[in-house]
Structures are given as structure tokens and as C-alpha cells.
Amino acid sequence: MDITAERKGDAYAITMTFDKGVSDSPVELPKGVMTPRADLVLGGDDQGTVQVKGVPNSAAVPAFTPIRIGTLTGTYTPEENGTVTFTAGVLTVHALGMDAAVCKPAGKPAPSLTLTVTGLPEDEPADTPAEEPDDEALPGGELPRTGGLSTTTALGTLGGTVLLGGVGGLLWLTRRTRPARP
């Protein structure tokens, strides 16, 4: 198994390849019914996982023969510069409508790839205050500032809506029951 990365702008195209099959299928898998995916565990200056996926099998897999995984691909988008490691995690083979095989690495495997991320914009130093936006005027070309309402404003809006709905319902009922004038 091998993991490689190729930079594409601010992200990396991750490729995971297998030299050998991972397990035997007890039944024949027809063409197009088996799709592999794997989680790569991040370490070093980043934490989490990156999922890589393969394409459905291009040929039938005979019963009791190793399942060939082929190439799995995904994208890793770092948030800061540093050194990141990629270690093989759980490999899942989805076949015949279910996760037919779940392969976990034995023991604690070593990282298969160490990636040095550089060239990303550095964060502002902590002692530099952020600029406050000017709420009175928006510069040309800037979109209006939108966002969620505060709890008080949201409850006030809901209360006003309920009140108006109640008044409208009361008026409708009183007009409906009022006798017609000759």
C-alpha cells in the first residue's frame, strides 16, 4: 500500500494504491457492484481523517479470489503550514448494497506519507486587533452583512407574528358571525 500527494492550489490530491488484494470474496462480485473507500488518519500538525474513494470494479471478481482495490483518491485541504502525516486507517469494501468487508490495520502502523505544507497565508499575530467593520456604509462591491438574529429579536419577531395572527383570526371570526344588514 502506498500513499502519495500532489499539490493542486491550496489543496492536495491524495492517492492511495494497493499492490495486493485485501481479502477473498466468498461469492462472485459482478462488474460494478464493489466500491472501496478508506480513512487516512492525520497526525503531526493536523488531526482528523481524510477519506479516499475508489471506482466500482471494472470486471467481475470470482469467488474465493483476492479483491483488488486499485487506486483510491481524495482531497486534503490544509488550514495551516506544518508537517502532516497520513496513516492507513479503516478500509471498507462496499459490495452488493452493504459494507461487505471492513479491514482495520493490525497494531499501530507507521505513517505512509509525511507531507510538509508550505505557502499558505500565515494567521495574524494574536496581539494584532482585528479591524472592526463599519456598519454605517458598505464599500462598493461588498455584499450586505447578514446573519442570524439575536435570541431577543427572534422571540420578539415570533411574538409579533403570533399576535398579528391572533388579531387576524379574531377579525375573521367576528365578521363571519355578524348578521347581515338589510
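The first residue in the sequence is number 1, and the count goes up from there.
- Side-chain contact between K53 and P36 is absent, with no heavy-atom pair separated by less than 4.5 Å.
- The hydrophobic cluster of M98 has no other members, since no ILVMFWY side-chain heavy atom comes under 4.5 Å of it.
- Separation of atoms CD1 (I3) and OG1 (T15) is listed at 10.0 Å; rounding is to 0.5 Å.
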Open item on the list: Please evaluate residues L113 and T4 with respect to the criterion side-chain contact (heavy atoms from CB on, under 4.5 Å), reporting the C-alpha separation (whole Å), side-chain torsions for both, the decisive distance (0.1 Å), and the verdict.
Closed with: CA-CA 7 Å; L113 172 67; T4 60; 5.8 Å; no
Task: Pair R37-D99, salt bridge (charged side-chain N to carboxylate O under 4.0 Å, His left out): steps then yes or no - done: CA-CA 10 Å; R37 69 181 185 273; D99 289 344; 3.1 Å; yes
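- Under the 4.5 Å side-chain contact rule for hydrophobic residues, L91 and V33 share a cluster.
- One hydrophobic cluster, built from ILVMFWY side chains closer than 4.5 Å, cannot hold both V93 and V55; they sit in different ones.
- Residues meeting the side chain to side chain donor-acceptor pair (under 3.5 Å) test with R68, sequence neighbours left out: none.
- Side chains of L72 and F18 form a contact here, defined as non-hydrogen atoms less than 4.5 Å apart.
- Minimum interatomic distance between A88 and P109 (heavy atoms only, all atoms of both residues): O-CG, 4.0 Å.
- A 4.5 Å side-chain heavy-atom check between C103 and V90 finds every atom pair outside the cut-off.
- Residue D10 places its CG atom among 12 or fewer non-hydrogen atoms of other residues, nucleotides or ligands, all under 6.0 Å distant.
- Across all their heavy atoms, T85 and G44 have their closest contact at OG1-N, 3.9 Å.
- Applying the side chain to side chain donor-acceptor pair (under 3.5 Å) criterion to N81, with sequence neighbours excluded, gives E122.
- Scanning all heavy atoms of the two residues, the minimum distance from G89 to P105 falls at O-CD, 3.3 Å.
- There is a path of hydrophobic side-chain contacts, each under 4.5 Å, that joins M34 to M1.
- Taking each heavy atom of A95 and L29 in turn, the nearest pair found is CB-CD2, 4.0 Å.
- M16 has its side chain out of reach of T71: every pair of non-hydrogen atoms, C-beta onward, lies at least 4.5 Å apart.
- In this structure, V41 is not a member of the same hydrophobic cluster as V84, with clusters built from ILVMFWY side-chain heavy atoms closer than 4.5 Å.
- Side-chain atoms of N57 do not come within 3.5 Å of backbone N or O of T35 as any donor-acceptor pair.
- The CG atom of L115 sits 8.5 Å away from the CZ atom of R7 when rounded to the nearest 0.5 Å.
- Separating the CD atom in E28 from the CZ atom in F64 is a distance of 11.5 Å, to the nearest 0.5 Å.
- Atom OG1 in T83 sits 11.5 Å away from atom CG in D46 (nearest 0.5 Å).
- Side-chain contact check for T49 versus L42: every heavy-atom pair is 4.5 Å or farther apart.
- With rounding to the nearest 0.5 angstrom, the CD1 atom of I14 is 8.0 Å from the OG1 atom of T75.
- Closest approach of D45 to G82, counting heavy atoms only: OD2-CA, 3.2 Å.
- With contacts defined as side-chain heavy-atom distances shorter than 4.5 Å, the pair T116/T118 qualifies.
- To the nearest 0.5 Å, atom OG1 of residue T77 and atom OH of residue Y12 are 10.5 Å apart.
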